[in-house]
There are 2 protein chains.
Amino acid sequence: MATMNDVAKLAGVSVSTVSYALTGVRPVGEKTRARIQAAMDQLGYQPNAIARSLASRRTRIIALLFPAIERGLSGTALEFVTSAAEAARERGYHLVLWPIGNDEVAETRDLLQQRLADGVLVMEVRLDDPRVTLLQQSSTPFTLIGRTAEPAGLDHADIDFDATVREAIDHLVELGHRSIAFLSHSAASQTAGYGPTIRAGESFEKHMADRNLPVVIRHCDDSADAGRATVRELAASQPDLTALVTMNDAATFGAMAELMAHGQRIPEDFSVLSIVSSPKVGAMSHPRLTTMSAPGTELGRLGVASLIERIEGNQTEPLHELIPCRLDAQATTGPGPLADGKLPPREGT
Amino acid sequence: MATMNDVAKLAGVSVSTVSYALTGVRPVGEKTRARIQAAMDQLGYQPNAIARSLASRRTRIIALLFPAIERGLSGTALEFVTSAAEAARERGYHLVLWPIGNDEVAETRDLLQQRLADGVLVMEVRLDDPRVTLLQQSSTPFTLIGRTAEPAGLDHADIDFDATVREAIDHLVELGHRSIAFLSHSAASQTAGYGPTIRAGESFEKHMADRNLPVVIRHCDDSADAGRATVRELAASQPDLTALVTMNDAATFGAMAELMAHGQRIPEDFSVLSIVSSPKVGAMSHPRLTTMSAPGTELGRLGVASLIERIEGNQTEPLHELIPCRLDAQATTGPGPLADGKLPPREGT
DNA sequence: CGTAGATGTCGAAGCGCTTCGACTAAGCGT
DNA sequence: ACGCTTAGTCGAAGCGCTTCGACATCTACG
């Protein structure tokens with residue numbers, strides 16, 4: 001394997017000049033640069049990443065801290081990881097995976113101290129997350145995907161649950177729906193302080209109340225059967241319901257099946273809108289689900305970009321980015337009862 | 001940040017002794033070791049990963065080569081990546097992600113030459129994969145997840161499509177089914193040389209023929225609508241069909257919906273068995289899908305374990321591991337027409 | 001009792017790069 | 001014509017570790 005020394009000899013210059021030609025830290029004469037380039041081409045030279053890291057005290061590696069995920073986010077999570085890795089690569093960085101639980105603080109600290117990573121991307125951030133405290137004490141730059149309860153001073157990018165829920169409600173209200181329930185993640189996720197569950201729930205409550213509409217929220221385990229059970233319960237307790245906002249893909253499938261089993265036609269009689277989902281999942285149902293898709297790719301790219309800026313010291317303002325889910329209106333949302341000539345839609349077209 | 005020098009001074013020994021205490025390469029006296037340990041604890045010392053790598057010429061980093069995945073494997077792929085990262089961490093290795101297309105050979109070569117990774121795990125291997133050729137020429141150890149057309153000399157772990165398909169057929173045949181179709185991935189994946197499509201297709205053909213049963217195979221895009229269309233076509237062309245083996249989650253959901261729309265009760269009239277899937281996906285349907293789940297976790301662990309063995313030089317035999325999918329019999333497979341008192345099941349209970 | 005082989009420790013030489021200080025040769029304003 | 005900045009280059013000193021050779025002790029065995 002060719003080293004910088006080999007290149008230097010072949011080009012008839014010193015190693016430091018080769019280094020400057022490579023990094024651009026100091027100017028290099030045009031002819032010299034050409035000879036160096038030729039030597040590198042001839043030898044097929046690639047700089048040794050490790051040696052470079054040791055000497056420069058910059059590894060160009062960022063770590064992704066992700067608790068092994070049980071929640072059904074899988075599709076989005078993979079998208080996120082992939083896009084983060086791509087964004088890193090575009091900037092000459094590498095992404096390493098650290099599959100460590102939220103509470104394995106000691107392990108995380110040890111890993112940080114090995115100085116393998118210049119910075120850390122934190123996934124699945126809880127409202128109160130011990131890893132964040134650790135990182136604040138360390139000198140390692142970090143960016144949160146998600147956010148703690150008090151994220152003011154911290155770089156973070158998260159789903160804009162509030163805007164997403166508002167848009168979901170708007171979409172249904174414009175279609176004439178007034179009696180809308182929210183089918184969320186499990187009650188356990190709520191008590192565990194899982195950000196999405198809590199933030200989306202609060203937003204749903206607020207935006208429905210703002211419109212003087214009744215607030216109906218159900219927590220539900222992530223399975224089709226749990227979704228069915230919840231719909232059965234709702235059919236009994238909320239007979240005038242005409243639409244469902246869901247944030248739980250597995251339950252959504254069950255819920256739709258159960259609605260149809262109750263003789264509801266979708267979307268003629270009943271609308272379903274799944275948020276923090278994806279068109280891919282939407283395509284798995286029939287009628288094709290109207291979804292609001294999680295911005296996994298955007299979050300990945302943004303988080304990496306911001307983290308690298310911070311590492312390289314070009315960033316002063318903390319990153320506070322909230323990205324709403326994108327609406328992909330398909331076949332499970334349609335005009336509600338008020339649109340059937342009874343009343344005009346409250347807003348819009 | 002404490003260095004090994006600090007530890008050595010505090011413990012009153014030389015750095016080399018500290019190094020030996022840490023690596024165990026040479027024996028260290030009991031009392032000395034205790035003093036070193038105490039010094040490390042007191043300083044909160046963690047060895048610098050980069051310096052260690054440079055000196056030892058071993059980075060303890062393995063790279064995961066994965067083409068950005070379009071196919072619907074997402075759930076399994078994430079499982080795979082996670083388990084690979086965990087297995088690596090358990091052995092003191094790090095996993096870095098290299099999101100590079102199958103054909104980006106130059107990029108892959110450059111990355112390899114940077115010597116960041118001691119070894120490479122290759123995902124989404126095609127029957128004829130240029131990356132494999134590249135790796136064979138390089139000196140970097142590698143393990144395939146999947147396999148090429150001629151994988152004899154290469155370390156690889158893959159799904160045992162043959163055993164999986166055979167078990168799927170057995171399961172249905174034992175239940176009394178005789179007319180079984182196979183719903184596979186797209187025709188495009190077949191012509192592109194996508195291993196799973198081709199191997200599963202060949203196995204289905206063989207095992208059905210072995211049982212003197214008709215071979216019905218349909219390729220289908222990965223969406224519910226495509227699945228529905230295929231079922232409509234089958235209803236016309238293969239009216240006596242009583243069971244479906246599927247390898248395409250999105251299409252499976254559509255297929256089931258269409259079957260029910262045709263008045264087929266599942267599993268009373270018609271059985272569906274989804275292979276290379278997962279119980280999690282199975283739980284999204286009602287009735288709950290009988291699945292054969294892809295061994296993502298096992299493949300990840302196995303691939304990493306074998307790769308590390310090879311890196312460390314403890315492995316002589318090439319890894320040739322084929323793991324079948326696990327059957328999780330749920331509610332979409334039931335007795336076929338022959339079990340209705342007409343004929344006894346061909347085998348088993 | 002002599003000595004071959006462990007055992008235990010140290011100092012020094014790198015690993016392949018970056019970066020600092022120093023130096024020379026131009027180019028510039030005044 | 002004078003210093004002064006800038007461009008361009010070099011040599012050497014590390015970055016924080018591992019590993020090699022050397023050496024001093026200690027044990028065991030014929």
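In what follows, chains carry the letters A, B, and so on, assigned in the order in which the sequence lines appear, proteins first and then strands, with residues in each chain numbered from 1.
- Under the side-chain hydrogen bond (donor to acceptor under 3.5 Å, both in side chains) criterion, B/Thr143 pairs with no residue, sequence neighbours left out.
- Applying the side-chain hydrogen bond (donor to acceptor under 3.5 Å, both in side chains) rule to B/Asp129 yields the partners B/Arg131; only residues at least two apart in sequence or on another chain are considered.
- The footprint of chain A on DNA chain C, defined by a heavy-atom cutoff below 4.0 Å, extends from C/dG16 to C/dA22.
- For residues 7-15 of chain A, proximity to DNA chain C is found at no residue, defined as any non-hydrogen atom under 4.0 angstrom from a strand atom.
- Annotation: the terminal axes of the helix from C/dC1-D/dG30 to C/dT30-D/dA1 meet at 30°, where each axis is the rotation carrying the C1' atoms of four end pairs onto the next four (5 pairs per end, rounded to 10°).
- For B/Glu298, the side-chain contact (heavy atoms from CB on, under 4.5 Å) partners at least two apart in sequence or on another chain are B/Pro295, B/Ile323, B/Arg326.
- Within the structure, side chain to side chain donor-acceptor pair (under 3.5 Å) contacts touching residues 31-44 of chain B (residues at least two apart or in different chains) are B/Gln37-B/Asp41.
- Remark: B/Tyr45, B/Pro47, B/Asn48, B/Ala51, B/Arg52, B/Ala55 in residues 43-55 of chain B come within less than 4.0 Å of DNA chain D through at least one heavy atom.
- Screening residues 106-149 of chain A for ring pair (Phe, Tyr, Trp, His ring centres under 6.0 Å), with sequence neighbours left out, gives no hits.
- Residues passing the side-chain contact (heavy atoms from CB on, under 4.5 Å) test with B/Asp103 are B/Arg126, B/Pro130, sequence neighbours excluded.
- Judged as a side-chain hydrogen bond (donor to acceptor under 3.5 Å, both in side chains), and not counting sequence neighbours, the contacts of A/Ser14 are A/Ser16, A/Thr17.
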Throw together a table of side-chain donor-acceptor distances under 3.5 angstrom for residues 91-100 of chain A, partners on residues two or more places apart or in other chains.
unit_1, atom_1, unit_2, atom_2, d
A/Arg91, NH1, A/Ala87, O, 3.3
A/Tyr93, OH, A/Arg58, NH2, 2.7
A/Tyr93, OH, A/Glu312, OE2, 3.0
A/His94, ND1, B/Trp98, NE1, 3.1
A/Trp98, NE1, B/His94, ND1, 3.1

